[in-house]
2 protein chains.
Amino acid sequence: MSEENEWSEYAARLIADAGLRRSTPRQRVIELLAEQSCAITALQIDAALDGVGRATVYRAIEQLEELGLVHKVDLGGSAFGYEKLEPSGHHHHHIVCDDCGKVEPFEDEALEDAIHDIHRKGFKLETHEVTLHGHCADCS
Amino acid sequence: MSEENEWSEYAARLIADAGLRRSTPRQRVIELLAEQSCAITALQIDAALDGVGRATVYRAIEQLEELGLVHKVDLGGSAFGYEKLEPSGHHHHHIVCDDCGKVEPFEDEALEDAIHDIHRKGFKLETHEVTLHGHCADCS
DNA sequence: ATAGTAATGAGAATGAATCTCATTATACGA
DNA sequence: TCGTATAATGAGATTCATTCTCATTACTAT
(Lines give C-alpha, C1' and ligand atoms only; values in the text may rest on other atoms or scores of the structure.)
Protein backbone atom coordinates (compact mmCIF):
# COMPACT_ATOMS: atom_id res chain seq x y z
CA MET A 1 0.00 0.00 0.00
CA SER A 2 1.30 3.46 -0.80
CA GLU A 3 2.14 5.74 2.06
CA GLU A 4 -0.62 8.13 0.99
CA ASN A 5 -3.33 5.53 1.16
CA GLU A 6 -1.97 4.20 4.39
CA TRP A 7 -2.27 7.59 6.01
CA SER A 8 -5.67 8.47 4.59
CA GLU A 9 -7.11 5.15 5.72
CA TYR A 10 -5.54 5.56 9.11
CA ALA A 11 -7.07 9.04 9.26
CA ALA A 12 -10.48 7.72 8.24
CA ARG A 13 -10.28 5.16 11.02
CA LEU A 14 -9.38 7.68 13.72
CA ILE A 15 -12.13 9.99 12.49
CA ALA A 16 -14.63 7.16 12.82
CA ASP A 17 -13.27 6.13 16.24
CA ALA A 18 -13.76 9.69 17.41
CA GLY A 19 -17.44 9.36 16.55
CA LEU A 20 -17.25 11.78 13.63
CA ARG A 21 -19.10 11.20 10.41
CA ARG A 22 -17.54 10.31 7.11
CA SER A 23 -18.45 13.44 5.18
CA THR A 24 -17.35 14.08 1.63
CA PRO A 25 -15.80 17.53 2.16
CA ARG A 26 -13.68 16.39 5.09
CA GLN A 27 -12.69 13.29 3.16
CA ARG A 28 -11.50 15.44 0.28
CA VAL A 29 -9.35 17.51 2.62
CA ILE A 30 -7.83 14.32 3.98
CA GLU A 31 -7.09 13.00 0.52
CA LEU A 32 -5.47 16.24 -0.57
CA LEU A 33 -3.26 16.28 2.52
CA ALA A 34 -2.39 12.64 1.91
CA GLU A 35 -0.99 13.47 -1.53
CA GLN A 36 1.41 16.14 -0.28
CA SER A 37 5.02 15.36 0.50
CA CYS A 38 5.53 18.62 2.39
CA ALA A 39 3.48 21.35 4.03
CA ILE A 40 0.51 23.09 2.38
CA THR A 41 -1.49 26.08 3.66
CA ALA A 42 -5.17 26.11 4.52
CA LEU A 43 -5.89 28.58 1.73
CA GLN A 44 -4.06 26.40 -0.77
CA ILE A 45 -6.29 23.53 0.26
CA ASP A 46 -9.34 25.76 -0.04
CA ALA A 47 -8.27 26.90 -3.51
CA ALA A 48 -7.56 23.35 -4.62
CA LEU A 49 -10.92 22.00 -3.52
CA ASP A 50 -13.77 23.54 -5.44
CA GLY A 51 -17.03 23.18 -3.63
CA VAL A 52 -15.47 22.86 -0.21
CA GLY A 53 -15.94 25.92 1.98
CA ARG A 54 -13.10 27.69 3.71
CA ALA A 55 -14.64 27.14 7.12
CA THR A 56 -14.80 23.42 6.45
CA VAL A 57 -11.12 23.34 5.51
CA TYR A 58 -10.12 25.05 8.75
CA ARG A 59 -12.45 22.86 10.78
CA ALA A 60 -11.11 19.69 9.19
CA ILE A 61 -7.52 20.74 9.83
CA GLU A 62 -8.33 21.52 13.43
CA GLN A 63 -9.88 18.11 13.99
CA LEU A 64 -7.03 16.32 12.27
CA GLU A 65 -4.61 18.22 14.45
CA GLU A 66 -6.47 17.21 17.59
CA LEU A 67 -6.34 13.60 16.51
CA GLY A 68 -2.61 13.88 15.98
CA LEU A 69 -2.96 13.27 12.26
CA VAL A 70 -1.71 16.62 11.08
CA HIS A 71 1.00 18.97 12.22
CA LYS A 72 1.06 22.74 11.91
CA VAL A 73 4.36 24.29 10.88
CA ASP A 74 5.53 27.88 10.63
CA LEU A 75 7.54 28.19 7.45
CA GLY A 76 8.16 31.89 7.69
CA GLY A 77 5.46 32.99 5.27
CA SER A 78 2.26 34.78 6.14
CA ALA A 79 0.23 31.63 6.64
CA PHE A 80 0.88 28.37 8.44
CA GLY A 81 1.56 25.14 6.66
CA TYR A 82 0.03 21.78 7.51
CA GLU A 83 1.35 18.32 6.82
CA LYS A 84 0.31 14.79 7.61
CA LEU A 85 1.87 12.95 10.51
CA GLU A 86 2.69 9.36 9.55
CA PRO A 87 1.47 6.76 12.07
CA SER A 88 4.96 5.25 11.89
CA GLY A 89 6.38 8.41 13.39
CA HIS A 90 8.54 8.93 10.34
CA HIS A 91 8.82 12.64 9.59
CA HIS A 92 11.06 15.41 8.35
CA HIS A 93 11.89 18.97 9.41
CA HIS A 94 12.48 22.14 7.40
CA ILE A 95 15.19 24.46 6.18
CA VAL A 96 13.93 27.90 5.21
CA CYS A 97 15.71 30.55 3.16
CA ASP A 98 14.99 33.80 4.99
CA ASP A 99 15.54 35.77 1.79
CA CYS A 100 13.36 34.08 -0.81
CA GLY A 101 11.22 31.89 1.42
CA LYS A 102 12.25 28.61 -0.22
CA VAL A 103 11.54 25.60 1.99
CA GLU A 104 13.36 22.27 1.86
CA PRO A 105 12.62 19.22 3.96
CA PHE A 106 15.43 17.34 5.68
CA GLU A 107 15.84 14.36 7.97
CA ASP A 108 18.52 13.75 10.57
CA GLU A 109 18.74 10.73 12.79
CA ALA A 110 21.17 12.20 15.33
CA LEU A 111 18.83 15.16 15.77
CA GLU A 112 15.89 12.87 16.44
CA ASP A 113 17.92 10.92 18.96
CA ALA A 114 18.92 14.09 20.78
CA ILE A 115 15.30 15.25 20.90
CA HIS A 116 14.04 11.94 22.21
CA ASP A 117 16.57 12.12 25.01
CA ILE A 118 15.02 15.35 26.25
CA HIS A 119 12.77 14.91 29.24
CA ARG A 120 11.14 17.71 31.09
CA LYS A 121 9.57 17.15 34.46
CA GLY A 122 5.87 17.96 34.40
CA PHE A 123 5.58 17.66 30.64
CA LYS A 124 4.35 14.76 28.59
CA LEU A 125 6.01 15.38 25.24
CA GLU A 126 4.18 14.48 22.05
CA THR A 127 5.60 16.13 18.96
CA HIS A 128 8.39 18.51 18.05
CA GLU A 129 9.24 20.93 15.31
CA VAL A 130 12.69 21.98 14.14
CA THR A 131 13.26 24.77 11.64
CA LEU A 132 16.66 25.79 10.35
CA HIS A 133 17.00 29.29 8.94
CA GLY A 134 19.62 30.57 6.55
CA HIS A 135 20.24 31.60 2.98
CA CYS A 136 19.98 29.37 -0.03
CA ALA A 137 22.57 29.25 -2.79
CA ASP A 138 20.60 31.62 -5.01
CA CYS A 139 20.38 34.26 -2.29
CA SER A 140 23.90 34.08 -0.85
CA MET B 1 27.74 44.21 32.99
CA SER B 2 24.34 42.57 33.12
CA GLU B 3 23.27 40.50 30.15
CA GLU B 4 20.44 42.94 29.44
CA ASN B 5 22.73 45.92 29.15
CA GLU B 6 25.21 43.93 27.15
CA TRP B 7 22.57 43.11 24.58
CA SER B 8 21.00 46.55 24.41
CA GLU B 9 24.39 48.19 23.94
CA TYR B 10 25.29 45.63 21.31
CA ALA B 11 21.99 46.37 19.60
CA ALA B 12 22.62 50.12 19.75
CA ARG B 13 26.00 49.60 18.15
CA LEU B 14 24.65 47.48 15.27
CA ILE B 15 21.84 49.99 14.73
CA ALA B 16 24.41 52.76 14.46
CA ASP B 17 26.67 50.70 12.19
CA ALA B 18 23.71 50.14 9.88
CA GLY B 19 23.44 53.90 9.51
CA LEU B 20 20.18 54.12 11.43
CA ARG B 21 19.46 56.93 13.85
CA ARG B 22 19.26 56.59 17.60
CA SER B 23 15.59 57.41 18.05
CA THR B 24 13.81 57.31 21.38
CA PRO B 25 10.90 55.05 20.36
CA ARG B 26 13.16 52.40 18.84
CA GLN B 27 15.47 52.65 21.83
CA ARG B 28 12.55 51.96 24.15
CA VAL B 29 11.60 48.87 22.16
CA ILE B 30 15.17 47.64 22.45
CA GLU B 31 15.23 48.23 26.19
CA LEU B 32 11.96 46.41 26.70
CA LEU B 33 13.17 43.42 24.69
CA ALA B 34 16.41 43.48 26.65
CA GLU B 35 14.55 43.04 29.94
CA GLN B 36 12.67 39.91 28.84
CA SER B 37 13.93 36.45 29.62
CA CYS B 38 11.59 34.79 27.11
CA ALA B 39 9.47 35.73 24.12
CA ILE B 40 7.05 38.67 24.04
CA THR B 41 4.56 39.60 21.31
CA ALA B 42 4.54 42.80 19.28
CA LEU B 43 1.22 43.81 20.77
CA GLN B 44 2.53 43.26 24.28
CA ILE B 45 5.39 45.58 23.47
CA ASP B 46 2.98 48.11 22.01
CA ALA B 47 0.78 47.92 25.11
CA ALA B 48 3.75 48.26 27.44
CA LEU B 49 5.14 51.33 25.72
CA ASP B 50 2.80 54.29 25.99
CA GLY B 51 3.53 56.87 23.37
CA VAL B 52 5.14 54.44 20.96
CA GLY B 53 3.03 53.70 17.92
CA ARG B 54 2.18 50.20 16.82
CA ALA B 55 3.78 50.69 13.41
CA THR B 56 6.99 51.73 15.08
CA VAL B 57 7.03 48.60 17.21
CA TYR B 58 6.63 46.38 14.16
CA ARG B 59 9.21 48.36 12.20
CA ALA B 60 11.72 48.18 15.04
CA ILE B 61 11.24 44.44 15.39
CA GLU B 62 11.71 43.99 11.65
CA GLN B 63 14.98 45.90 11.68
CA LEU B 64 16.26 44.07 14.73
CA GLU B 65 15.43 40.80 13.02
CA GLU B 66 17.34 41.81 9.90
CA LEU B 67 20.34 42.70 12.01
CA GLY B 68 20.17 39.29 13.67
CA LEU B 69 19.41 40.85 17.05
CA VAL B 70 15.96 39.41 17.50
CA HIS B 71 14.37 36.07 16.70
CA LYS B 72 10.75 35.39 15.86
CA VAL B 73 9.18 32.32 17.44
CA ASP B 74 5.84 30.62 16.97
CA LEU B 75 4.58 29.63 20.39
CA GLY B 76 1.25 28.30 19.25
CA GLY B 77 -0.83 31.34 20.14
CA SER B 78 -2.45 33.75 17.71
CA ALA B 79 0.54 36.09 17.56
CA PHE B 80 4.25 35.54 17.15
CA GLY B 81 6.72 36.05 19.97
CA TYR B 82 10.03 37.84 19.70
CA GLU B 83 13.13 37.46 21.81
CA LYS B 84 16.61 38.87 21.84
CA LEU B 85 19.47 36.89 20.35
CA GLU B 86 22.55 37.09 22.60
CA PRO B 87 25.77 37.95 20.75
CA SER B 88 27.38 35.02 22.58
CA GLY B 89 25.04 32.68 20.74
CA HIS B 90 23.67 31.45 24.03
CA HIS B 91 19.97 30.71 23.67
CA HIS B 92 17.10 28.47 24.70
CA HIS B 93 14.23 26.72 22.97
CA HIS B 94 10.62 26.18 24.01
CA ILE B 95 8.23 23.58 25.33
CA VAL B 96 4.57 24.40 24.70
CA CYS B 97 1.52 22.86 26.33
CA ASP B 98 -0.94 22.37 23.48
CA ASP B 99 -3.86 22.45 25.92
CA CYS B 100 -3.35 25.60 27.97
CA GLY B 101 -0.68 27.32 25.91
CA LYS B 102 1.88 27.47 28.70
CA VAL B 103 5.41 28.03 27.42
CA GLU B 104 8.61 27.00 29.17
CA PRO B 105 12.14 27.63 27.98
CA PHE B 106 14.71 24.85 28.01
CA GLU B 107 18.32 24.32 27.04
CA ASP B 108 20.00 21.15 25.84
CA GLU B 109 23.61 20.84 24.86
CA ALA B 110 23.30 17.53 23.01
CA LEU B 111 20.52 19.01 20.92
CA GLU B 112 22.66 22.00 19.99
CA ASP B 113 25.51 19.70 19.05
CA ALA B 114 23.28 17.63 16.82
CA ILE B 115 21.96 20.75 15.11
CA HIS B 116 25.42 22.16 14.52
CA ASP B 117 26.41 18.93 12.85
CA ILE B 118 23.72 19.37 10.23
CA HIS B 119 25.01 20.67 6.94
CA ARG B 120 22.93 21.10 3.87
CA LYS B 121 24.54 21.65 0.52
CA GLY B 122 23.47 24.96 -0.97
CA PHE B 123 22.38 26.44 2.34
CA LYS B 124 24.29 28.75 4.62
CA LEU B 125 22.66 28.09 7.98
CA GLU B 126 22.24 30.93 10.43
CA THR B 127 19.73 30.24 13.17
CA HIS B 128 17.40 27.47 14.23
CA GLU B 129 14.26 27.02 16.22
CA VAL B 130 13.12 23.97 18.15
CA THR B 131 9.69 23.67 19.70
CA LEU B 132 8.53 20.70 21.73
CA HIS B 133 4.80 20.14 22.04
CA GLY B 134 2.98 18.17 24.69
CA HIS B 135 0.81 18.48 27.76
CA CYS B 136 1.82 20.05 31.03
CA ALA B 137 1.16 18.49 34.42
CA ASP B 138 -2.00 20.57 34.98
CA CYS B 139 -3.52 19.45 31.69
CA SER B 140 -2.59 15.76 31.69
C1' DA C 1 20.94 77.01 13.81
C1' DT C 2 19.48 74.78 9.62
C1' DA C 3 18.77 71.68 5.99
C1' DG C 4 18.20 67.00 4.66
C1' DT C 5 16.08 63.00 5.59
C1' DA C 6 15.26 59.00 8.71
C1' DA C 7 11.73 57.99 11.75
C1' DT C 8 7.37 58.39 13.74
C1' DG C 9 2.18 57.87 14.85
C1' DA C 10 -2.73 57.76 13.69
C1' DG C 11 -5.53 55.44 11.29
C1' DA C 12 -6.74 52.89 7.07
C1' DA C 13 -6.04 48.59 4.65
C1' DT C 14 -4.90 43.79 4.21
C1' DG C 15 -5.36 39.04 4.87
C1' DA C 16 -5.43 34.76 7.57
C1' DA C 17 -8.28 32.59 10.65
C1' DT C 18 -12.66 32.23 13.20
C1' DC C 19 -17.50 32.61 13.96
C1' DT C 20 -22.66 32.57 12.82
C1' DC C 21 -26.52 30.46 11.36
C1' DA C 22 -29.66 28.67 8.16
C1' DT C 23 -29.38 24.51 5.33
C1' DT C 24 -27.81 19.79 4.07
C1' DA C 25 -26.29 15.18 4.67
C1' DT C 26 -24.99 11.25 7.43
C1' DA C 27 -25.81 7.48 10.72
C1' DC C 28 -28.69 4.73 13.15
C1' DG C 29 -32.94 2.74 14.98
C1' DA C 30 -37.49 1.27 13.85
C1' DT D 1 -36.10 1.39 3.47
C1' DC D 2 -37.80 5.35 5.94
C1' DG D 3 -37.56 8.86 9.44
C1' DT D 4 -35.32 11.31 12.83
C1' DA D 5 -31.63 13.38 15.45
C1' DT D 6 -27.86 15.88 14.89
C1' DA D 7 -23.16 16.30 12.91
C1' DA D 8 -21.42 18.86 9.25
C1' DT D 9 -21.47 22.23 5.81
C1' DG D 10 -20.96 26.83 3.13
C1' DA D 11 -21.59 31.76 2.46
C1' DG D 12 -20.53 35.57 4.34
C1' DA D 13 -19.61 38.46 8.34
C1' DT D 14 -16.22 39.24 11.87
C1' DT D 15 -12.01 39.36 14.40
C1' DC D 16 -7.47 40.45 15.04
C1' DA D 17 -2.45 40.51 13.98
C1' DT D 18 0.23 42.74 10.82
C1' DT D 19 1.33 46.02 7.12
C1' DC D 20 0.73 50.23 4.66
C1' DT D 21 0.04 55.43 3.90
C1' DC D 22 1.23 59.86 4.49
C1' DA D 23 1.55 64.09 6.80
C1' DT D 24 4.42 65.47 10.69
C1' DT D 25 8.42 65.20 13.83
C1' DA D 26 13.06 64.90 15.31
C1' DC D 27 17.85 63.11 14.61
C1' DT D 28 22.49 64.26 12.65
C1' DA D 29 25.91 66.31 10.24
C1' DT D 30 27.31 70.64 8.63
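Residue numbers start from 1 in every chain, and the chains themselves are labelled A, B, ... in the order their sequence lines are given, proteins ahead of strands. Every value quoted in this text rests on a predicted model; they were computed, and no experiment measured them.
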So B:His93 and B:Phe106, would you call those rings parallel, tilted or perpendicular, with 30° and 60° as cut-offs? tilted

Could you label the plane-to-plane angle of the B:His71 and A:His133 rings as parallel, tilted or perpendicular, counting under 30° as parallel and over 60° as perpendicular?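 If you compare the ring of B:His71 with that of A:His133, the planes turn out perpendicular.
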
Can you tell if the side chain of [X] reaches within under 4.5 Å of the side chain of [Y], non-hydrogen atoms only?
{"X": "A:His128", "Y": "A:His116", "result": "yes"}
{"X": "A:Ile30", "Y": "A:Leu69", "result": "no"}
{"X": "A:Leu132", "Y": "B:Arg120", "result": "no"}
{"X": "A:Leu14", "Y": "A:Asp17", "result": "yes"}
{"X": "A:Asp98", "Y": "B:Glu65", "result": "no"}

Where along residues 14-31 of chain B does a heavy atom come under 4.0 Å from DNA chain C, residue by residue in number order?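 DNA chain C contact set from residues 14-31 of chain B: B:Leu20, B:Arg21, B:Ser23, B:Pro25, B:Arg26.
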
Give, for atom NZ of A:Lys84 and atom CD of A:Glu35, the distance between the pair rounded to the nearest 0.5 Å.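 Taking NZ in A:Lys84 and CD in A:Glu35, the distance rounds to 9.0 Å.
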
Measuring from atom CD1 of B:Ile15 to atom CG of B:Leu64, what distance do you get when rounded to the nearest 0.5 angstrom? 5.0 Å

Does B:Arg28 use its side chain to pair, donor to acceptor, with the backbone of B:Asp50 at less than 3.5 Å?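 Looks like yes, one N/O pair under 3.5 Å.
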
Tell me, please, the opening and closing nucleotides of DNA chain C, 5' to 3', among those with an atom under 4.0 angstrom from a non-hydrogen atom of chain B.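 Taking any atom under 4.0 Å from a heavy atom of chain B, the span is C:dG4 to C:dA10.
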
Nucleic acid contacts of residues 55-79 of chain A, taken as heavy-atom distances under 4.0 Å to DNA chain D: A:Ala55, A:Thr56, A:Arg59

